[in-house]
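Atom set for the values below is all heavy atoms of this structure, side chains included, hydrogens, waters and symmetry mates excluded. In what follows, every chain begins at residue 1, and chains take the letters A, B, ... in the order their sequences are listed.
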Number of protein chains: 2
Amino acid sequence: MTALHSLSHRVDCNACPIRHRAVCAKCETDELEQLNRIKFYKTFTAGQVIAIRGEQLDIVASIVAGTASLTRSINDGRVQMIGLLLPSDFIGRPGREAAPYDITAITDVTLCCFHKRPFERLLLEMPHVGERLLEMSLDELDAARDWMLLLGRKTARERIASLLALILKRANLPMDLQGEGCQIDLPITREMMANFLGLTIETVSRQLTGLAKEGIIQIEGKRGIHVPDLSALLAETGDDTDGGVDY
Amino acid sequence: MTALHSLSHRVDCNACPIRHRAVCAKCETDELEQLNRIKFYKTFTAGQVIAIRGEQLDIVASIVAGTASLTRSINDGRVQMIGLLLPSDFIGRPGREAAPYDITAITDVTLCCFHKRPFERLLLEMPHVGERLLEMSLDELDAARDWMLLLGRKTARERIASLLALILKRANLPMDLQGEGCQIDLPITREMMANFLGLTIETVSRQLTGLAKEGIIQIEGKRGIHVPDLSALLAETGDDTDGGVDY
DNA sequence: CGCGTGATTGAAATTTATCAAATCGCGTGG
DNA sequence: CCACGCGATTTGATAAATTTCAATCACGCG
């Protein structure tokens, strides 16, 4: 928190951890300066609600640090996670008043925010931002559609394996060398896994222990998972080749 | 087909049926002229494959007429429809070599195509195209995420009702007045419905007859469905208010 | 040391898929 | 005009997967 707070005023964009991946990735120095002038930081603690579907949301923002979830839900309590926001991901939608989904901080989160109106104006003047936003949106669209295949057609076991593979791929980027075993530190609870996968927590739990019994994974405490043989895990995802979940 | 063929060369963009909804919607006359110079038409007959996931696709295109499906599948035959392309929808992705999903013509389809390289160049010069493409992509993203809720958390009956409601909303725009009953002419087979909803054709069939037995719908032949009371149908979708599937 | 939350396990119920067999709709050829 | 045949759909019986309900376990914390 104190570390987050130290960000709370002016921070040099060039020192920003998401400088080269966020909406500002393509900006030149002068464009960056314009953004810098109107940006402001906001922090949320784990569990806090960032936005509620249907309610007015007049900022847009990039995630600087932390993880947040996008969810949609049905009145009777059913919840479906529809996206995971990691650093550099974008929140909010130029040209729309209300938030289209619920957004909740999973860990402590720091946002680099802009008021929507000024941001929309900049969008028209600075093509680089719009271009980057388009790229990012199309990537998210691909990810959402991949997830539709999982939710519509994969078995519980395949879903679990796919999720683990996805987390490995996202978290452990420099893992090429680890011919022998990878380590996962699950960033989410069983309940969130269930909401992500369209399953119940009991099914998640059972499938995890099932995979463990067959030696495909080893469960280490509540959050730790060890994968001795990545290709064995990928073979369980239901995806075509051993190339796995690539998009 | 002959009608389609008559489009095969130069057509005035101002007479184009999708002029105000497609990527070119925001273009001025001169921009339109630039697009017009490099565009070309292509037609596909019902059932033809337009693109295959993973294979090179070096055009982008707008659907001028007809309907196409986006699908992803698993080697063992499981298929999930991840999108429905209607007139004005956009195909292809600037900045990506391969098609990210399979695209198939459901009905006869006419495309307004551009080679990818020239289109990408225009994209940099003509902000209006990029802006519109961003809007459209964000809308698709919202639709994909709504569908994730359906695939992950809705029951078979709710899925069927949601689909019927969606089709009504899309096809029957001026239906506000029809306090008494709406008519659906299903544009797709049971198999496609099943692939769309993440169900089997048998389950689709059973749920339809179930809804019919309760008087919520009336099945008229293979493709016709009559909805005597829209709100009764919406009540079955599982969505919050009677506002239904609005996003 | 007990409490509480999250996780696991078990048994039964429910939903949906699977396999198999009618039935329907409709165009074709006799 | 009508019988035939084919693909799509419906229906039935059964099986499998997942959910639900209930109980127990594990662990961090005051």
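Protein atom CZ of Arg78(A) is 12 Å distant from nucleotide atom P of dT15(C), rounded to whole Å. Rounded to a whole Å, the CE atom of Met193(A) is 15 Å from the P atom of dG6(C). When the P atom of dT16(C) is taken as reference, atom CG of Leu151(B) falls 13 Å away, rounded to whole Å. In this structure, CG of Leu211(A) is placed 17 Å from P of dA7(C), rounded to the nearest angstrom. One atom, CD1 of Ile201(A), and another, P of dT9(C), lie 13 Å apart when rounded to the nearest Å. Whole-Å rounding puts the Leu208(B) CG to dT9(D) P distance at 10 Å. Atom CZ in Arg223(A) sits roughly 11 Å away from atom C1' in dA7(C) (whole-Å rounding). The CG-C1' distance, from Asn195(B) to dT16(C), rounds to 16 Å in whole Å.
Listed nucleotides dT9(D), dA7(C), dT8(C) differ in distance to Ser205(A); the shortest reach to its side chain belongs to dT8(C).
Using a distance-only test at 3.5 Å, with no hydrogens or angles considered, a donor-acceptor pair links the side chain of Asp108(B) to the main chain of Ala46(B). For Ser205(A) (side chain) and Ile201(A) (main-chain N/O), no donor-acceptor pair under 3.5 Å exists by modelled atom type. Checked by atom type and distance alone, the side chain of Thr107(B) pairs as donor or acceptor with a backbone atom of Thr67(B) at under 3.5 Å. Formation of a donor-acceptor pair under 3.5 Å by the Glu55(A) side chain with backbone atoms of Ile52(A) is not found in this model. Side chain of Arg153(B) to backbone of Ser73(A): no donor-acceptor contact under 3.5 angstrom is found. Although no hydrogens or angles enter the test, the distance criterion places a donor-acceptor pair under 3.5 Å between the side chain of Asp76(A) and the main chain of Arg78(A). Listed for the Gln80(A) side chain is a donor-acceptor partner under 3.5 Å among the backbone atoms of Phe196(A).
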Report all interatomic pairs (protein N or O, nucleotide N or O of nucleotides 17-20 of chain D) with separations under 3.5 Å.
residue: dT18(D); atom: OP1; partner: Ala156(A); partner atom: N; Å: 2.8
residue: dT19(D); atom: OP2; partner: Thr200(A); partner atom: N; Å: 3.4
residue: dT19(D); atom: OP2; partner: Thr200(A); partner atom: OG1; Å: 3.3
residue: dT19(D); atom: OP2; partner: Thr203(A); partner atom: OG1; Å: 2.4
residue: dT20(D); atom: O4; partner: Arg206(A); partner atom: NH2; Å: 2.8

Could you run down the sub-3.5 Å N/O contacts of the protein with nucleotides 14-16 of chain D?
none

Can you tabulate the close N/O pairs, meaning under 3.5 Å, that link protein atoms to atoms of nucleotides 26-29 of chain D?
none

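Annotation: Glu191(B), atom CD; neighbour count of heavy atoms from other residues, nucleotides and ligands within 6.0 Å does not exceed 12.
A salt bridge links Asp239(B) to Lys154(B): at least one charged side-chain nitrogen sits closer than 4.0 Å to a carboxylate oxygen. At a threshold of 4.0 Å, the pair Asp142(A)-Arg93(B) counts as salt-bridged, since one of the basic side-chain nitrogens sits closer than that to a carboxylate oxygen. The residues Glu140(A) and Arg145(B) are annotated as salt-bridged, a charged nitrogen and a carboxylate oxygen being separated by less than 4.0 angstrom. Under a 4.0 Å N-O distance rule, the pair Arg72(A)/Asp102(A) does not qualify as a salt bridge.
Using a 4.5 Å cut-off on side-chain heavy atoms (C-beta onward), Ile167(A) and Arg170(A) make no contact.
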DNA chain C in dot-bracket, Watson-Crick or G-U pairs under 3.5 Å, [ ] crossing, | other strand?
||||||||||||||||||||||||||||||
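Taking all atoms of both residues into account, the shortest heavy-atom contact from Gln218(B) to Pro228(B) is OE1-CG, 3.9 Å.
A side-chain donor from one of Gln183(A) and His226(A) sits under 3.5 Å from a side-chain acceptor of the other.
Of all the residues in residues 213-221 of chain A, not one reaches under 4.0 Å from DNA chain C with any non-hydrogen atom.
Annotation: side-chain contact (heavy atoms from CB on, under 4.5 Å) contacts of Gln207(B) (sequence neighbours excluded): Ala156(B), Arg157(B), Ile160(B), Thr203(B).
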